Amino acid sequence: MSGHHHRATLKQQNKSFKSKHSTKSSLKAASKGRLAPASSTSASHAFSSQSSASRVSASATKRARQNTAHQKRDRQRRELGRDVKVFQTTTAGGGCVPRVVTVVPLHASSSCVEFTKGYLMNLGLDDAVREEVEQRLTEVGTWLVDAPRFKTSLQIIHLPPVSLYATLDAALVADYVVLLLSSENEVEEEGEKVLRCLQGVVGAQVVAVVQSPPDAPMTPQERPMVLKSLHSFATYFFPSLSKIHVAPSATDPSASNSDGANLARALCEGVPPLSQATPGVADKGRGRDGRAWVVAEEGDMRTGETQETPSVFWQADPASEEEKGTLYVTGTIRGGRLSADRLVHIPAWGDYAVDRIAYAPLARQVRSAARTGSTIDGMEDVTTAGQTLSQPTEEADTLVAFNESDDLLMGNEQTGFTAEELARGDAYMDDDSDKKKVKRVPKGTSAYQAAWIIDDEEDDEFDDEEDDDEMESAGEDDFGGIGKGFGRAKHDEETEEVELDERETEADDYDEELDDDEEERQLAEYEAYKSRSKEHDTDLAFPDEVDTPRNVSARERFARYRGLQSFRTSPWDPYENLPVEYGRIFRFDDYERSRRVAVGNAKIDGVPEGVRVLLSIRGVEKALVDERVGLPLVVHGLMQHEHKQTVLHFVVQRNTEYEEPVRAKDPLVLCVGPRRYTIRPVYSQHTRGGGKGVNNVHKSEKFLRHGEAVVATTYGPAILGKQSCLLLRESENPTVPHLVAMGSFLNPDHERIVAKRIVLTGHPFKVHVKTATVRYMFFNRDDIEYFAPIELYTKYGRTGHVKEALGTHGYFKAHFDGPIQQMDTVCMSLYKRQFPKQAELFRAPLPRIAQKGESMDLE
């Protein structure tokens with residue numbers, strides 16, 4: 001029996017694909033929280049096998065995906081049907097929402113009238129009606145016409161050639177933006193600026209149309225090359241453009257009937273992206289945010305309509321001492337619901353309160369409802385014109401923009417000016433124009449030589465409160481005899497005050513071909529550009545470095561600055577040393593919650609979209625009606641709290657085509673949605689992801705540079721939601737400014753700290769391993785003792801501290817964490833919080849309007 005072994009029959013072989021230790025938590029994680037099937041009678045049976053749970057999870061996930069896709073498809077179909085229905089005329093003869101078509105001429109030779117005349121031939125109008133419309137057309141204006149062939153109506157807006165502000169106002173509310181290109185002339189620099197700005201803010205569908213001059217139409221041989229070239233140019237700005245249309249014209253043999261029919265179908269049968277196009281929305285895929293707008297129906301030439309009163313008229317208010325009254329605007333609500341409890345905004349004029357929203361149906365709608373006995377627009381209780389749809393209630397927003405001063409927030413740190421101080425300041429301002437500029441120059445310097453000495457200003461000269469008294473005098477040199485072979489020796493040259501009258505010029509110091517004012521203006525522009533360019537390059541090579549003043553104590557000069565052990569983690573009280581402006585702004589404790597509440601209320605309050613109404617807006621200046629000169633009038637609805645002043649932060653990026661230096665607090669024009677303001681922003685670094693960090697402290701930027709996204713901070717009215725913005729700078733052509741930057745709104749965080757950094761530098765005079773004698777950082781012993789607790793660092797990566805002061809001329813001994821080199825530079829960083837300036841309403845210059853038969857030029 002020895003040597004015989006039985007085969008093992010009880011050897012256990014586990015299945016390799018099954019888990020040996022399946023815990024309840026692991027099985028629960030695998031099932032993703034899904035419940036067991038209904039056939040399971042116990043929890044142990046439900047989790048008995050991981051493979052069965054995985055199969056159930058996979059099938060449930062697949063069914064959920066199919067259900068989600070089905071719901072999304074049904075929702076899109078319902079939205080498409082709604083959008084198609086809102087733009088189509090009913091068979092009963094009722095009205096419809098007109099499609100807003102904005103025609104943007106990109107060259108002076110382009111004609112909006114010729115484009116509309118050719119376009120009307122394809123809408124199915126009677127010859128008599130079409131001739132009447134053509135006779136009333138002008139180059140600038142708003143025209144309402146019917147399209148019987150397509151059962152819809154159009155609201156065509158004609159704009160002046162190459163006018164940026166008027167183009168932005170009209171394009172923000174358009175369903176289609178038609179770009180008029182010329183087959184003979186190229187788009188010039190001003191036209192490219194308009195396209196670049198439209199690229200950043202327009203959410204409507206863009207249609208490019210080529211127009212030929214009447215005296216030089218395109219030939220069939222030239223047409224393919226012209227269309228190919230213009231398509232390549234247009235897709236550079238709008239990549240979604242699929243083709244270039246040819247403007248229909250009776251004088252152009254290359255423009256066939258099919259061209260006009262294709263363009264008519266593109267504008268009349270297509271469905272504008274109602275669920276995506278929102279004025280000023282940065283992310284066009286998010287959908288509408290509830291802001292409504294109304295375009296005044298001027299030039300109503302629809303068949304069967306009689307306009308007893310103009311669509312825009314102004315009535316004086318007898319109780320108002322100023323020239324203010326009530327403005328009445330007739331139009332169709334678009335974009336969302338409009339409530340009388342909310343304020344409205346008129347571009348370039350500001351915010352106003354709504355007195356009443358009345359129903360204003362079309363005449364054919366009233367006749368159709370009376371004939372059929374049906375309701376108008378699905379409204380059961382409203383059947384007559386003039387019925388009030390919305391009136392202000394007790395919860396209506398007011399025009400109060402600033403908050404009362406918050407003493408608790410300010411901490412009683414700011415005090416107002418006394419009567420004596422105000423009187424003394426007024427007297428100084430009255431005498432300031434008669435005073436002559438005084439400079440300190442070396443003894444013996446003539447007035448002519450002193451005129452060429454430029455004041456050496458500190459790096460932070462744009463800080464108004466403290467920098468007026470912090471400029472170094474020209475010609476002074478107070479090294480105190482400490483320069484032994486390195487710097488300049490001390491000199492005791494006496495100085496004298498030389499009075500300079502900037503208005504005086506020598507007879508031999510200017511060109512005879514230019515008058516005095518022109519010569520002075522050109523010289524000032526040249527010196528300003530040279531100074532700004534040099535400062536921009538210096539700050540790029542030596543960022544944040546400043547020279548310690550020799551005639552002013554450093555502890556006095558930099559009294560508002562502080563040292564931080566860690567810029568990213570050191571605590572900083574956001575309510576410390578606040579200016580008076582911070583006590584008057586409104587603060588959002590929970591911005592996201594306030595935004596959701598405002599958007600939710602905007603979707604349920606007020607008159608729904610698609611209803612034709614008569615708006616009564618009170619407190620409007622008479623000049624608003626007088627100065628419009630044919631430009632379209634648009635009334636934008638605001639959400640709750642959007643009139644209140646707060647701190648605004650925008651993420652912007654520099655335009656690559658603009659080369660001039662842009663410094664912090666330079667005046668710029670901010671375009672955000674329909675609003676335009678003159679601002680003086682401060683710039684700060686944008687944290688990746690938009691986070692606040694540990695202490696919500698962000699380093700300021702002295703210049704707006706290329707290739708990096710920064711945060712621009714300013715005071716202004718609150719913004720709820722993501723909106724695109726443009727930063728513009730005025731140019732020689734007032735109607736087409738320079739595009740400086742574009743971006744979007746970030747948040748209204750009032751606790752965000754924009755910290756300006758300055759770097760004081762010193763030279764290692766004597767070095768002994770880790771210890772060095774440093775000079776030229778300070779120039780007296782008291783300053784060294786005052787700044788001694790602040791940490792030092794070198795450009796080669798060493799860190800250290802002040803050990804002791806040496807003598808009275810600013811020498812001190814410092815100890816570092818490693819050997820220091822003679823060629824190294826010792827630095828000390830100081831920080832101070834920065835605040836922006838208050839935004840002011842910007843009123844754009846009116847474009848020049850050409851009369852009939854007059855040619856327009858860009859000048």
Side-chain angles (χ1 to χ4, degrees), residues 409-410 413-414 458-467 539 543-546 558-564 566-588 591 645-654 662-668 670 672 677 679-705 708-716 718-719 725 727 740-741 743-759 829-839:
L409 172 65
M410 303 304 294
E413 294 178 356
Q414 302 292 337
E458 295 295 335
D459 256 357
D460 54 343
E461 60 182 325
F462 53 87
D463 295 336
D464 354 76
E465 295 88 3
E466 61 186 29
D467 293 347
D539 184 72
D544 303 325
E545 291 191 16
V546 299
F558 305 121
R560 295 191 178 184
Y561 290 84
R562 67 180 66 185
L564 296 179
S566 174
F567 181 77
R568 299 300 177 189
T569 61
S570 296
W572 193 319
D573 186 5
Y575 299 103
E576 178 186 3
N577 294 331
L578 295 178
V580 178
E581 291 78 7
Y582 250 64
R584 301 181 60 198
I585 65 174
F586 289 87
R587 301 176 298 279
F588 289 92
Y591 169 71
Q645 296 287 325
T646 184
V647 181
L648 305 178
H649 305 288
F650 299 88
V651 180
V652 298
Q653 192 163 6
R654 180 78 180 267
V662 181
R663 189 175 180 177
K665 292 193 179 178
D666 279 353
L668 299 175
L670 171 66
V672 51
Y677 293 93
I679 63 173
R680 296 176 178 268
V682 294
Y683 307 111
S684 59
Q685 293 180 348
H686 179 48
T687 308
R688 180 175 297 179
K692 299 181 179 180
V694 178
N695 53 6
N696 201 12
V697 178
H698 307 266
K699 180 183 175 298
S700 68
E701 295 290 343
K702 194 172 183 180
F703 289 90
L704 181 60
R705 305 190 187 279
E708 58 182 6
V710 299
V711 177
T713 302
T714 182
Y715 296 120
I719 299 174
C725 69
L727 291 181
V740 176
S744 61
F745 176 67
L746 179 61
N747 56 42
D749 185 9
H750 63 277
E751 294 185 352
R752 180 187 177 95
I753 297 175
V754 180
K756 175 189 174 182
R757 184 186 72 172
I758 62 172
V759 179
S829 295
L830 300 176
Y831 300 92
K832 181 191 69 172
R833 187 173 180 180
Q834 276 192 316
F835 300 95
K837 294 289 186 179
Q838 179 63 44

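Atoms considered below: every heavy atom in the structure, side chains included; atoms not considered: hydrogens, waters and symmetry mates. If you're wondering where the values come from, they're calculated on a predicted model, not measured in any experiment.
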Peer 1: Is the shortest side-chain heavy-atom distance between Phe650 and Leu746 below 4.5 Å?
Peer 2: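 Contact flag for Phe650/Leu746 side chains = no.
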Peer 1: Taking all non-hydrogen atoms of both residues, which atom of Tyr582 and which atom of Arg587 are closest, and how far apart?
Peer 2: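 Of all heavy-atom pairs spanning Tyr582 and Arg587, the closest is O-NH1, 4.1 Å.
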Peer 1: For residues Val697 and Trp572, report the shortest heavy-atom separation together with the two atoms involved.
Peer 2: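 What the structure gives for the nearest pair is CG2-CB, 4.0 Å.
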Peer 1: Give the minimum heavy-atom separation between Tyr715 and Pro579, together with the two atoms involved.
Peer 2: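 Closest heavy-atom pair between Tyr715 and Pro579: OH-CG, 4.2 Å.
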Peer 1: Within this structure, what is the CG-CD1 distance for the pair Leu727 and Ile679, rounded to the nearest 0.5 Å?
Peer 2: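 Those atoms lie 5.5 Å apart.
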Peer 1: Quick one: side-chain contact (heavy atoms from CB on, under 4.5 Å) partners of Ser684, sequence neighbours excluded?
Peer 2: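 Here the qualifying residues are His698, Val711, Arg752, Val754.
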Peer 1: Would a 4.5 Å heavy-atom cut-off, applied to side chains only, mark Val672 and Ile719 as touching?
Peer 2: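 The answer is yes, as the side chains (C-beta and beyond) meet within the 4.5 Å cut-off.
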Peer 1: Compare all side-chain heavy atoms of Tyr683 with those of Val662 and state whether any distance is below 4.5 angstrom.
Peer 2: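 Side-chain contact under 4.5 Å: yes.
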Peer 1: Calculate, to the nearest 0.5 Å, the distance between atoms OG and CD belonging to Ser829 and Glu545 respectively.
Peer 2: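 Between atom OG of Ser829 and atom CD of Glu545 there are 9.5 Å.
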Peer 1: With sequence neighbours left out, what residues match Gln685 under side-chain contact (heavy atoms from CB on, under 4.5 Å)?
Peer 2: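 Arg568, Lys699, Glu701.
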Peer 1: Let me confirm one number: the CZ-NZ distance from Arg680 to Lys837, rounded to the nearest 0.5 Å.
Peer 2: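 Taking CZ in Arg680 and NZ in Lys837, the distance rounds to 7.5 Å.
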Peer 1: Distance from Leu670 atom CG to Phe745 atom CZ, nearest 0.5 Å?
Peer 2: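 Reported value, rounded in 0.5 Å steps: 10.5 Å.
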Peer 1: For Thr569, enumerate each residue passing the side-chain hydrogen bond (donor to acceptor under 3.5 Å, both in side chains) test, keeping only those at least two apart in sequence or located in another chain.
Peer 2: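 Applying side-chain hydrogen bond (donor to acceptor under 3.5 Å, both in side chains) to Thr569 gives Ser566.
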Peer 1: Grab the two heavy atoms, one from Leu704 and one from Ala741, that are nearest each other, plus how far apart they are.
Peer 2: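 Heavy atoms only, the tightest pair is CD2-CB, 4.0 Å.
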Peer 1: Applying ring-ring contact (aromatic ring centres under 6.0 Å, His included), name anything that partners Tyr831, two or more places apart in sequence or on another chain.
Peer 2: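 Counting only residues at least two positions away or on another chain, Tyr831 forms a ring-ring contact (aromatic ring centres under 6.0 Å, His included) with Phe567.
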Peer 1: Looking at every heavy atom in both Val759 and Pro543, which two are closest together, and how far apart are they?
Peer 2: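 In terms of heavy atoms, the two residues are closest at CG2-O, 4.4 Å.
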Peer 1: Rounded at 0.5 Å granularity, tell me how far CZ in Phe588 sits from CG in Asp749.
Peer 2: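 Between atom CZ of Phe588 and atom CG of Asp749 there are 12.0 Å.
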Peer 1: Looking only at non-hydrogen atoms, find the nearest pair between Asp666 and Pro681 and report the distance.
Peer 2: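 Smallest heavy-atom distance, with atoms named: O-CD, 3.7 Å.
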Peer 1: Any heavy-atom pair between the side chains of Ile758 and Asp544 that's under 4.5 Å?
Peer 2: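 Counting from C-beta outward, Asp544 and Ile758 never come under 4.5 Å.
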Peer 1: Any luck finding a side-chain donor-acceptor pair between Tyr575 and His750 under 3.5 Å?
Peer 2: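 Tyr575 vs His750: donor-acceptor pair found between side chains.
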Peer 1: Return the set of residues passing side-chain contact (heavy atoms from CB on, under 4.5 Å) with Pro574 (not counting sequence neighbours), or none when no residue passes.
Peer 2: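 With neighbours one apart ignored, the set is Glu751, Ile753, Arg833.
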Peer 1: Taking side chain as C-beta onward, heavy atoms only, is Leu578 less than 4.5 Å from Glu576?
Peer 2: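 They are not in side-chain contact.
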Peer 1: Decide yes or no for Glu708 and Gln653: does some side-chain heavy atom of the first lie under 4.5 Å from some side-chain heavy atom of the second?
Peer 2: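 Glu708 vs Gln653: side chains apart.
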Peer 1: My understanding is that only residues two or more places apart in sequence, or in another chain, count here; which of them pass side-chain hydrogen bond (donor to acceptor under 3.5 Å, both in side chains) with Arg654?
Peer 2: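 Residues passing side-chain hydrogen bond (donor to acceptor under 3.5 Å, both in side chains) with Arg654: none at all.
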Peer 1: Can you tell me how far the CG atom of Asn747 sits from the NE2 atom of His649, to the nearest 0.5 Å?
Peer 2: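 Going from the CG atom of Asn747 to the NE2 atom of His649 covers 5.5 Å.
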Peer 1: Run through Asn696, Val694, Asn695 and flag the one making a side-chain contact (heavy atoms from CB on, under 4.5 Å) with Lys692.
Peer 2: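 Testing Lys692 for a side-chain contact (heavy atoms from CB on, under 4.5 Å) against Asn696, Val694, Asn695 leaves exactly one candidate, Asn696.
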